[in-house]
Each structure stands twice: as C-alpha cells, then as structure tokens.
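Heads up: the structure comes next, in structure tokens.
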Amino acid sequence: MTTSGGRAIGMVDGSAPAAQSSASPGSSVLERARTDPAIVYVVDDEPSIRNSTKELAESVGLRVQTFATAQEFLGSQRPDVPGCLVLDVRLPGLSGFDLQRELAQTNNPVPIIFITGHGDIPMSVQAMKAGAMDFLSKPYRHQDLLDAIAHAIERDRQARRQRSELAELHRRHESLTPREREVMAFLVKGLLNKQVGAELGMTLPTVKFHRAHVMQKMKAGSMADLARIAERLEAHPTGQGSTLARERGST
C-alpha cells in the first residue's frame with residue numbers, strides 16, 4: 001500500500017485482498033452507476049482476484065456477478081441492464097481477447113475493462129483498438145478500477161439508450177404505408193410538395209395529406225427533424241437493410 005498526499009491508496013495485485021474504496025464523493029458518473037440496476041461482471045480464473053474485485057465493487061453499492069472462465073460467462077443468462085465486464089487477459093480455454101472478439105459480434109456488446117499481471121504496451125494497444133474501455137496492469141489503485149467501471153457503465157447506458165431510440169425510429173418508419181415512405185424519401189431530399197407530386201403523379205392536396213401522416217407517424221416537428229431522422233435511419237439500418245436508403249436511392 002502506498003500513500004499520496006498523506007492519504008492511503010488501496011492497491012490490488014495477484015494476492016492482496018481488496019480494501020474498502022476511497023471513492024470520490026460527488027462523482028456524478030459513479031453515483032448513477034450505484035443507483036441504477038447496473039451489473040459488473042468479473043471474469044478471472046484466480047478466486048482471490050474475483051473475490052477482491054467483487055468486494056471492491058460491492059463496497060460502493062454495485063451489483064457483481066463473477067465467473068472463472070470465459071465459457072462460463074458466455075453460457076450465463078445476463079439481465080438486459082447496463083453493465084461492464086472486468087476481464088483478465090489470460091484465462092484457461094478462451095482468453096480474454098477471445099471473449100472480446102466473441103462479444104464484439106453480438107448486438108449488445110458489453111464494455112470491457114482488461115486487467116492483467118502480465119500486461120505490456122502492444123497488448124494494451126491491441127485491447128484498446130478492439131474497443132476495450134480500459135487496460136489496467138496489476139497492481140492498480142482501487143479508485144482507478146472504480147473510475148473505469150463507472151465510465152464503462154455510463155457508456156453502456158448511453159449505448160443502450162441510443163439503440164432504444166433507433167429501434168423506435170425504425171418502428172415508426174415501418175408503420176408508414178408504402179406511399180408514405182415514397183413521399184418521405186422525396187421530402188428529405190428537399191423537394192417541395194408540388195415537386196413530390198410531379199414525381200409521384202399526385203395532386204398537391206394528396207401530397208399534403210401523405211406528408212401530414214408522415215410527420216405525425218415519425219413524430220417530426222419540422223422538415224429538419226424529419227431529415228435528421230432519415231439520416232439516423234440510413235446510418236443505422238436494420239438487419240433487413242435500410243428500406244429508406246433503397247427508397248431514396250431509387251428516387
């Protein structure tokens with residue numbers, strides 16, 4: 001254990017048990033991590049490390065689930081709540097990097113914080129390039145791990161919120177009739193009502209009728225809102241591909 005400015009700082013290594021955290025009071029990110037149903041997953045083949053990490057996270061009010069292997073983690077039923085994964089690099093069977101690759105192929109990848117007693121710069125670069133949130137070498141300060149956990153949970157919360165918003169936008173777009181989708185595709189390209197009517201062989205009142213339905217169903221307050229929605233839908237297509245992108249491409 002070392003000191004900084006006269007204050008004891010907890011360290012975690014391959015054998016030392018976790019001490020109580022000295023989490024900074026008033027940390028808004030950590031407070032949100034504490035008060036929502038987020039879960040910290042710990043995958044490490046060393047029982048002492050699993051237990052010490054679990055005790056550390058629980059000491060600040062976080063829920064924790066521990067696993068001895070990557071296979072055990074992959075086979076578990078995990079609730080659909082924000083979370084993060086504290087993951088050892090070297091594991092029996094699937095390594096930490098193998099698990100990272102497996103999770104990257106899923107629809108809801110969990111943010112990963114790597115911990116290792118054998119870390120080096122190339123290894124940390126590999127982990128970060130593959131999307132890891134942080135890479136901590138033992139021994140590390142308790143507060144460094146808690147900060148990394150808090151920020152990883154916050155990122156996962158934001159990612160989940162964005163996925164939920166996008167899913168809702170796709171549901172709204174799917175609720176449009178084929179004709180309404182055609183009208184929307186022309187509107188977001190900047191065409192005026194009479195121009196849309198000329199393209200689709202519609203009268204002006206009919207275009208206005210469909211336009212009103214599009215705006216209502218997509219919950220767009222203005223054409224600028226509708227254009228932004230269209231951009232998000234095209235940037236994040238569903239598994240069947242972007243219907244809007246195909247429609248805009250054909251107009």
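You'll find the side chain of D80 reaches within 4.5 Å of the side chain of R160, heavy atoms only. Taking the side chain as every heavy atom from C-beta outward, L103 and L85 approach each other to under 4.5 Å. Residues L91 and T69 have side chains not in contact (no heavy-atom distance under 4.5 Å, counting atoms from C-beta outward). R157 places a side-chain heavy atom less than 4.5 Å from the side chain of R161. Counting heavy atoms from C-beta on, the side chains of M218 and D225 never come closer than 4.5 Å. For the pair I115 and D134, the minimum side-chain heavy-atom distance is 4.5 Å or more. Contact check for H236 versus Q162: no side-chain heavy atoms found under the 4.5 Å cut-off. Looking at heavy atoms from C-beta onward, Q65 lies in side-chain contact with I39 at the 4.5 angstrom threshold.
Judged by distance alone, the side chain of R78 and the main-chain N or O of F73 form a donor-acceptor pair under 3.5 Å. With hydrogens and angles ignored, the 3.5 Å screen pairs no side-chain donor or acceptor of R90 with any backbone N or O of T116. Panel note: side chain T53, backbone R50; no donor-acceptor pair is recorded below 3.5 Å. Side chain of Q195 to backbone of L191: no donor-acceptor contact under 3.5 angstrom is found.
Note on ring orientation: taking the six-membered ring where Trp is involved, the planes of F114 and F135 are tilted (angle from 30° to 60°).
Considering L87, D44, V43 in turn, V43 is the only one that fulfils the side chain to side chain contact (heavy atoms under 4.5 Å, CB included) rule with F67.
A continuous path of ILVMFWY side-chain contacts below 4.5 Å connects V196 to M223, so both sit in one hydrophobic cluster. Hydrophobic clustering (side-chain heavy atoms under 4.5 Å, transitive across Ile, Leu, Val, Met, Phe, Trp, Tyr) keeps L204 apart from M184. In the hydrophobic cluster analysis, where Ile, Leu, Val, Met, Phe, Trp and Tyr join through side-chain heavy atoms closer than 4.5 angstrom, M202 is grouped apart from F209. Both I153 and V64 are part of a single hydrophobic cluster, where members link through side-chain heavy atoms under 4.5 Å apart.
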Handout entry: Intermediate values then yes/no, side-chain hydrogen bond (donor to acceptor under 3.5 Å, both in side chains), D147 and Q143
Key = CA-CA 6 Å; D147 288 344; Q143 194 59 48; 2.9 Å; yes

Handout entry: Worked verdict on I49 versus D88 for side chain to side chain contact (heavy atoms under 4.5 Å, CB included)
Key = CA-CA 10 Å; I49 299 299; D88 193 10; over 6 Å; no

Handout entry: Derivation of the side chain to side chain contact (heavy atoms under 4.5 Å, CB included) call for K217 and R172
Key = CA-CA 6 Å; K217 290 182 179 180; R172 293 177 193 173; 5.8 Å; no

Practice task
Take R179 and L200 through the side chain to side chain contact (heavy atoms under 4.5 Å, CB included) test and state the conclusion after the steps.
Solution key: CA-CA 9 Å; R179 189 54 117 181; L200 296 176; 3.9 Å; yes

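In summary, the side chains of S95 and D98 do present a donor paired with an acceptor at a separation below 3.5 Å, with no hydrogens or angles considered.
Within the model, atoms CG of L62 and CG of L56 stand 9.0 Å from one another, a figure rounded to the nearest 0.5 Å. Residue L166 holds its CG atom at 11.0 Å from CD1 of I229, rounded to the nearest 0.5 Å. In this structure, I113 CD1 and Y41 OH are separated by 13.5 Å, a value rounded to the nearest 0.5 Å. To the nearest 0.5 Å, the span separating SG on C84 from CG on D156 amounts to 8.0 Å. One finds the CG atom of L187 at 11.0 Å from the CD atom of E180 (value rounded to the nearest 0.5 Å). Rounding to the nearest 0.5 Å gives a distance of 13.0 Å between CD of Q100 and CG of L94.
Salt bridge status for R171 with E174: absent, with no side-chain N to carboxylate O gap under 4.0 Å.
Heavy-atom minimum distance, M133 versus P111: CG-CB, 3.7 Å. When all heavy atoms of R232 and E165 are compared, the pair lying nearest together is NH2-OE1, 3.6 Å.
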